[in-house]
Number of protein chains: 2
Amino acid sequence: MAQQVDTVRERILAEATRLFGSHGYAGTSIQAIADAAGITKPTLVYHFGSKDGLRRAVIDAVMDHWRNQVPKLMVAASAGGPRLDALLAAFFDFFRQDPDRARLLLREVLDRPQEFTDRLRHGLQPLTGLLTHAIVVGQQQGLLQPNVDPEAFTVLVISAALGIVAVGQHTGALVSPEPDVAAQQAELIRLARTALLMPSPSPSPGPSSPPPPPMPEEP
Amino acid sequence: MAQQVDTVRERILAEATRLFGSHGYAGTSIQAIADAAGITKPTLVYHFGSKDGLRRAVIDAVMDHWRNQVPKLMVAASAGGPRLDALLAAFFDFFRQDPDRARLLLREVLDRPQEFTDRLRHGLQPLTGLLTHAIVVGQQQGLLQPNVDPEAFTVLVISAALGIVAVGQHTGALVSPEPDVAAQQAELIRLARTALLMPSPSPSPGPSSPPPPPMPEEP
DNA sequence: CCTACCGATCGGTAGG
DNA sequence: CCTACCGATCGGTAGG
């Protein structure tokens with residue numbers, strides 16, 4: 001196996017992810033990235049060809065990271081029957097590990113919507129398609145509410161989750177001097193549950209942890 | 001009354017809003033704004049002191065616009081009993097008139113979170129405080145679900161609405177080749193309704209338009 | 001509200 | 001992977 005870290009290339013990518021995420025592409029000079037990575041500017045250009053080449057490499061790395069991790073994550077969260085709560089919570093915990101990646105993606109949508117559409121659609125369609133299909137199946141089985149719009153629901157929940165991770169701490173300041181990102185996360189999960197699952201027919205919920213109905217398995 | 005439009009200052013503000021919204025602050029030169037407004041660069045600087053002065057003036061204008069319009073909007077949407085649906089739909093229609101303002105605000109949160117926290121909190125607290133308070137009252141009256149987190153719910157729905165307006169067309173591309181922003185809007189309203197209001201006790205919904213329960217009036 | 005101009009920084013190259 | 005350097009553009013000023 002290749003060694004884990006700290007090649008020059010990887011250091012550049014790490015610093016670029018952090019700086020592009022917090023200050024944006026146009027707001028970050030390659031000089032600043034080179035300084036942060038402890039190299040000179042021409043060295044950076046040597047490795048990535050141009051500033052735009054570095055940007056594309058950063059996005060590729062983020063996409064690869066997600067494409068590698070998300071399936072593992074879904075399997076882990078689905079152990080013992082896939083639960084909507086566990087799946088969403090696992091997603092959150094995963095993204096919250098580095099909000100820089102979330103901010104980076106949000107910025108790309110704002111800065112280059114056309115490229116985002118063309119590029120990330122192919123990369124994420126398999127994932128989102130799986131989710132929307134699972135909703136359709138669940139509806140056919142009578143487990144999920146029939147008036148859910150599968151595609152709109154999927155993009156809404158993913159976007160909201162990404163937004164919470166990227167800027168939830170700051171948007172939370174709109175309602176509280178001490179914003180609670182975890183509360184936003186919990187509330188989104190509650191919203192998603194309540195608006196997706198059929199109303200539980202049990203008139204009296206259990207005292208400790210009411211068992212959430214399972215998500216349908218994909219065929 | 002002052003005349004409606006087309007002073008040089010207003011043209012600069014309009015073009016800056018559009019360009020900052022689509023390319024970001026760092027990604028927009030004052031030269032580009034001056035060109036779009038049909039003036040020279042020193043003229044722009046004469047009017048706003050500096051690029052940062054222009055940025056602050058643009059944000060002030062957006063905030064003023066919202067502060068002026070939102071109360072009218074709430075009154076209009078509340079005519080004949082405030083309904084959650086009507087209120088949310090009115091908000092959407094309002095913001096969708098110019099997504100540039102939504103993108104601008106989203107970018108400010110990303111670029112200058114500290115300033116956003118310090119500055120916009122005071123400007124929007126009255127509005128959000130009103131909403132959270134209305135939720136608390138509704139819960140006490142038994143009209144709203146007791147497990148709603150009023151603050152988290154408010155910031156979540158506002159953020160999601162803003163996100164849909166700003167980039168919904170592009171994030172929608174993740175699930176569909178022809179993104180439907182209206183469907184995302186409708187789904188968010190459904191999510192908010194379903195997760196906020198008490199489950200309707202009527203076992204058979206009316207055929208045409210089931211009357212939505214009213215939002216509680218503020219005291 | 002404009003012409004003319006400035007120092008600083010930008011992304012990138014030559015050459016080793 | 002670095003030193004030395006380039007033309008272009010940046011935000012901003014002088015002066016009228």
Side-chain angles (χ1 to χ4, degrees), chain A residues 2-62 104 107-108 110-112 114-115, chain B residues 2-62 100 104 107-108 110-112 114-115 119:
Chain A
Q3 66 182 26
Q4 191 184 355
V5 281
D6 222 37
T7 72
V8 170
R9 195 171 195 279
E10 283 163 351
R11 251 184 311 159
I12 298 174
L13 281 175
E15 295 299 332
T17 302
R18 187 176 61 80
L19 290 169
F20 285 160
S22 44
H23 308 302
Y25 176 77
T28 305
S29 65
I30 56 177
Q31 182 68 261
I33 297 169
D35 289 348
I39 54 164
T40 61
K41 202 170 56 170
T43 300
L44 188 153
V45 176
Y46 162 77
H47 277 285
F48 295 94
S50 67
K51 188 186 182 184
D52 193 70
L54 172 58
R55 180 184 66 80
R56 281 183 272 109
V58 166
I59 298 174
D60 283 342
V62 170
L104 197 77
R107 286 184 184 278
E108 281 299 310
L110 284 165
D111 288 345
R112 274 162 288 274
Q114 187 56 59
E115 178 178 332
Chain B
Q3 66 182 27
Q4 192 184 357
V5 283
D6 223 38
T7 72
V8 170
R9 196 171 195 278
E10 283 163 350
R11 249 184 315 161
I12 298 174
L13 281 174
E15 294 300 331
T17 303
R18 186 176 61 82
L19 290 168
F20 285 160
S22 44
H23 307 303
Y25 176 77
T28 306
S29 66
I30 54 176
Q31 182 69 260
I33 297 168
D35 289 348
I39 54 164
T40 61
K41 202 171 54 170
T43 299
L44 188 154
V45 176
Y46 162 77
H47 276 286
F48 295 96
S50 69
K51 187 186 184 184
D52 193 69
L54 172 59
R55 181 184 63 80
R56 281 183 271 109
V58 166
I59 298 172
D60 283 342
V62 171
D100 282 328
L104 197 77
R107 286 185 185 277
E108 281 298 309
L110 284 165
D111 289 346
R112 275 163 288 273
Q114 186 57 58
E115 178 178 332
R119 194 129 171 279

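Quantities reported herein were computed from a predicted structural model and do not represent experimental measurements. Values reported hereafter were calculated over all heavy atoms of this structure, with side chains retained and with hydrogens, waters and symmetry mates removed.
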B:I30 side chain: which of C:dC2, D:dC2, D:dG11 is closest?
D:dG11
Is a salt bridge present between B:D60 and B:R56, judged by a nitrogen-to-oxygen distance below 4.0 Å?
no
Scanning all shown strands, the Watson-Crick or wobble mate of C:dA4 with both distances under 3.5 Å is D:dT13
Check whether any side-chain nitrogen or oxygen of A:T40 sits under 4.0 Å from OP1 or OP2 of D:dC2, and answer yes or no.
yes
Tell me: NZ of B:K51 to P of D:dG11, nearest whole Å?
4 Å
Please state how far atom CG in B:L54 lies from atom P in D:dG12, giving the value in whole angstrom units.
10 Å
A:S29 side-chain N/O to C:dC10 phosphate OP1/OP2 under 4.0 Å
yes
ring-ring contact (aromatic ring centres under 6.0 Å, His included) filter on B:F48, not counting sequence neighbours, yields none
Quick note, B:V8 side chain, CB onward, closest among C:dG12, C:dC1, D:dC1 is C:dC1
A:L13 side chain near A:L54 side chain, heavy-atom distance below 4.5 Å
yes
Identify whether any heavy atom of A:T43 sits under 4.0 Å from a base atom; if not, whether one sits that close to sugar-phosphate; answer base, sugar-phosphate or nothing.
base
Report the distance from atom CG of A:D35 to atom P of C:dG11, rounded to the nearest whole Å.
12 Å
Compare all side-chain heavy atoms of B:R119 with those of B:I59 and state whether any distance is below 4.5 angstrom.
yes
Heavy-atom check, side chain of A:R18 versus side chain of A:T28, under 4.5 Å:
no
Here the distance between atom P of D:dC10 and atom NZ of B:K41, to the nearest Å, is 7 Å
Value in whole Å for how far the C1' atom of D:dC10 lies from NE2 of B:H23
17 Å
Separation of C:dG12 C1' from A:Y46 OH (nearest whole Å)
16 Å
Starting from P on C:dA8, measure out to CD on A:Q31 and report it in whole angstrom.
15 Å
Whole angstrom is fine here: how far is it from CZ in B:F48 over to C1' in D:dG12?
16 Å
Nearest to the side chain of B:P42, which nucleotide is it out of C:dC2, C:dG11, D:dC1?
C:dC2
